[in-house]
Structure formats: C-alpha cells, structure tokens
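See below for the structure under consideration.
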Amino acid sequence: SICTQIDKLKKDYLPQRVPTKKEVNDIVGISKIQNSLLPTISDVSISNSTKDAILTFCHRNSLKIPEQFWNLGDLKQRTSKFSFPPYGNNSSLEGTDAEQKRYEAIINLYSDILKYNEYYTYFSQIENQRFVSLVIANIGTSFDEDIDVKLIFEKGCILKHQDIICPGQH
C-alpha cells in the first residue's frame with residue numbers, strides 16, 4: 001500500500017547532498033567545442049510537483065514527512081548531448097545502489113499516488129450520482145419482444161459514460 005511505501009522510505013534516510021565548489025563539467029585543458037560534446041552531469045532532485053502530490057496525500061491521511069525524506073545523497077544524472085533514435089533518451093543515473101533505489105522508490109510512490117487519486121476521483125463521481133432503478137414487466141395478455149420505454153429528465157440531469165473520467169485516461 002501507499003502508506004507502507006511511505007513508512008519504508010521514512011526508515012532509511014540518505015545523507016543530505018554535499019555541495020561542491022567545482023563544476024562537474026569543467027575539465028581543464030579542453031576547448032569549449034570539446035566541452036560542448038561532453039555529457040552533462042547534474043544533481044538529481046525530486047521535482048516540486050512530485051513533492052506536492054506526495055505531501056498532499058500525506059496531509060489528507062495525517063502522515064508526517066520530515067524534510068530529510070527527500071534527500072537523495074549525491075545522486076547524479078548524466079545526460080548525453082546526442083540522442084540516438086533506436087536507443088531513446090541517453091540519460092542515466094549515477095550513484096550508489098541505495099541512492100538510485102531511493103529515487104526510484106519515491107518516483108514509484110508518486111506514480112501510485114497519481115493512480116490512487118484517479119480512482120478516488122472516479123469513485124467519488126459515481127458515488128455522488130443519483131440512480132434510477134427500473135423494473136419492466138409485461139402484464140398484458142399478448143407476448144411482445146419489443147418494449148418501448150420513455151423517460152423524461154430535466155436537461156443536465158443525465159451523466160453519460162464518456163463524461164466520467166475513468167482511471168488511466170490522464
């Protein structure tokens with residue numbers, strides 16, 4: 001469950017990133033052209049939108065997350081300046097297994113919360129709808145396969161299935 005994932009992440013914190021003074025991509029003795037061909041290396045952090053979604057879920061469920069929850073140690077992302085079509089995006093994470101696993105666990109948590117929110121919205125929409133129960137019976141003396149029923153509703157009272165946002169459509 002999502003709460004179990006959060007509890008697991010709260011047990012094993014990583015140290016805060018130590019800022020370095022030297023730029024990772026600054027290598028002495030190479031030209032700007034050569035430097036522009038080198039892959040870029042940047043610190044990995046959790047995006048604000050991901051943090052907001054997780055924090056909102058935690059707030060709704062009375063869960064507390066300390067600030068060190070977001071620490072990823074010295075995890076870096078190496079991004080190539082060139083993309084080779086059959087291989088897609090040429091970026092990779094660089095760091096310890098613990099750093100990479102923590103990052104992936106937070107991203108998976110975020111994904112699960114998005115799915116949960118979609119289902120919550122879906123079932124809330126359905127729960128708030130009024131339904132009409134209807135039973136039709138032929139109490140006449142002759143058999144008829146075709147029964148026509150006419151229901152009259154005020155405009156705006158009918159919710160069509162395509163108007164309901166189903167989970168997974170975002």
Side-chain angles (χ1 to χ4, degrees), residues 1-30 32-129 159-170:
S1 81
I2 293 173
C3 293
T4 305
Q5 291 177 44
I6 291 170
D7 287 340
K8 187 176 178 183
L9 284 164
K10 284 170 63 174
K11 289 180 184 175
D12 299 318
Y13 295 118
L14 290 176
Q16 190 170 4
R17 177 175 289 120
V18 178
T20 57
K21 292 181 181 177
K22 184 179 178 186
E23 188 64 35
V24 177
N25 290 329
D26 287 346
I27 300 176
V28 179
I30 63 171
K32 287 184 179 185
I33 293 173
Q34 289 171 320
N35 192 29
S36 69
L37 299 175
L38 294 174
T40 58
I41 299 174
S42 57
D43 292 333
V44 175
S45 61
I46 304 300
S47 72
N48 288 335
S49 61
T50 301
K51 285 182 182 181
D52 290 344
I54 293 171
L55 289 171
T56 300
F57 177 87
C58 289
H59 179 71
R60 285 185 190 152
N61 292 280
S62 301
L63 300 171
K64 302 229 184 270
I65 292 185
E67 191 57 38
Q68 65 261 33
F69 183 88
W70 311 110
N71 290 351
L72 298 173
D74 287 322
L75 187 62
K76 307 276 187 215
Q77 182 172 21
R78 179 183 297 268
T79 306
S80 176
K81 303 275 174 124
F82 302 102
S83 179
F84 301 103
Y87 304 109
N89 186 357
N90 291 329
S91 67
S92 61
L93 295 175
E94 294 182 357
T96 65
D97 284 344
E99 291 167 345
Q100 291 182 30
K101 285 180 182 178
R102 181 163 189 85
Y103 176 75
E104 289 168 6
I106 291 173
I107 297 305
N108 289 337
L109 171 64
Y110 170 68
S111 176
D112 289 347
I113 287 173
L114 290 183
K115 289 177 194 170
Y116 169 84
N117 288 340
E118 287 181 2
Y119 277 97
Y120 183 84
T121 301
Y122 175 74
F123 286 115
S124 294
Q125 279 184 318
I126 290 175
E127 189 177 85
N128 291 329
Q129 298 304 312
L159 179 65
K160 298 175 185 170
H161 69 87
Q162 63 264 26
D163 295 335
I164 299 174
I165 300 172
C166 294
Q169 288 184 339
H170 288 160

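Quick note: numbers below take in every heavy atom, side chains included, and nothing from hydrogens, waters or symmetry partners.
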Salt-bridged, Lys76 to Glu94, with N to O below 4.0 Å? no
Reported CZ-to-CG distance for the pair Arg60 and Leu55, which is rounded to 0.5 angstrom: 12.0 Å
Does Ile6 reach the side chain of Phe57, with side-chain heavy atoms less than 4.5 Å apart? yes
Counting heavy atoms not belonging to Gln16, are there more than 12 under 6.0 Å from its CD? no
Report the distance from atom SG of Cys58 to atom CG of Leu109, rounding to the nearest 0.5 Å. 7.0 Å
To the nearest 0.5 Å, how far apart are NE2 in His59 and NZ in Lys64? 8.5 Å
Stepwise side chain to side chain contact (heavy atoms under 4.5 Å, CB included) test for Leu14 and Trp70: CA-CA 9 Å; Leu14 290 176; Trp70 311 110; over 6 Å; no
Does Lys10, at its NZ atom, have more than 12 non-hydrogen atoms belonging to other residues, nucleotides or ligands within less than 6.0 Å? yes
Distance alone, cut at 3.5 Å: any donor-acceptor contact between the side chains of Thr121 and Ser124? no
Show the nearest heavy-atom pair for residues Leu75 and Gln100, with the distance to one decimal. CD1-CG, 3.7 Å
Looking only at heavy atoms, which two atoms of Leu9 and Ile106 are closest? And how far apart? CD1-CG1, 4.0 Å
N-O pairing of Arg102 and Asp12 below 4.0 Å: no
is_close_aromatic(Tyr13, Phe69), centroid dist under 6.0 Å: no
If every non-hydrogen atom of Tyr110 is compared with every non-hydrogen atom of Ser49, which pair is closest and at what distance? CE1-O, 4.0 Å
With a 4.5 Å limit on heavy-atom distance, are the side chains of Thr96 and Asp74 in contact? no
Pairwise side-chain contact, Ile46 with Tyr103, heavy-atom cut-off 4.5 Å (strictly under): yes
About how many Å separate CD of Glu104 and CG of Asp97, when rounded to the nearest 0.5 Å? 9.5 Å
Nearest heavy atoms of Leu93 and Gln77, plus distance in Å: CD2-CB, 4.4 Å
Leu63 and Cys3, any side-chain heavy atoms less than 4.5 Å apart: yes
Approximate separation, where rounding is to 0.5 Å, of Glu127 CD and Tyr120 OH: 8.0 Å
Side chains of Asp112 and Gln5 only: does a donor on one sit below 3.5 Å from an acceptor on the other? yes
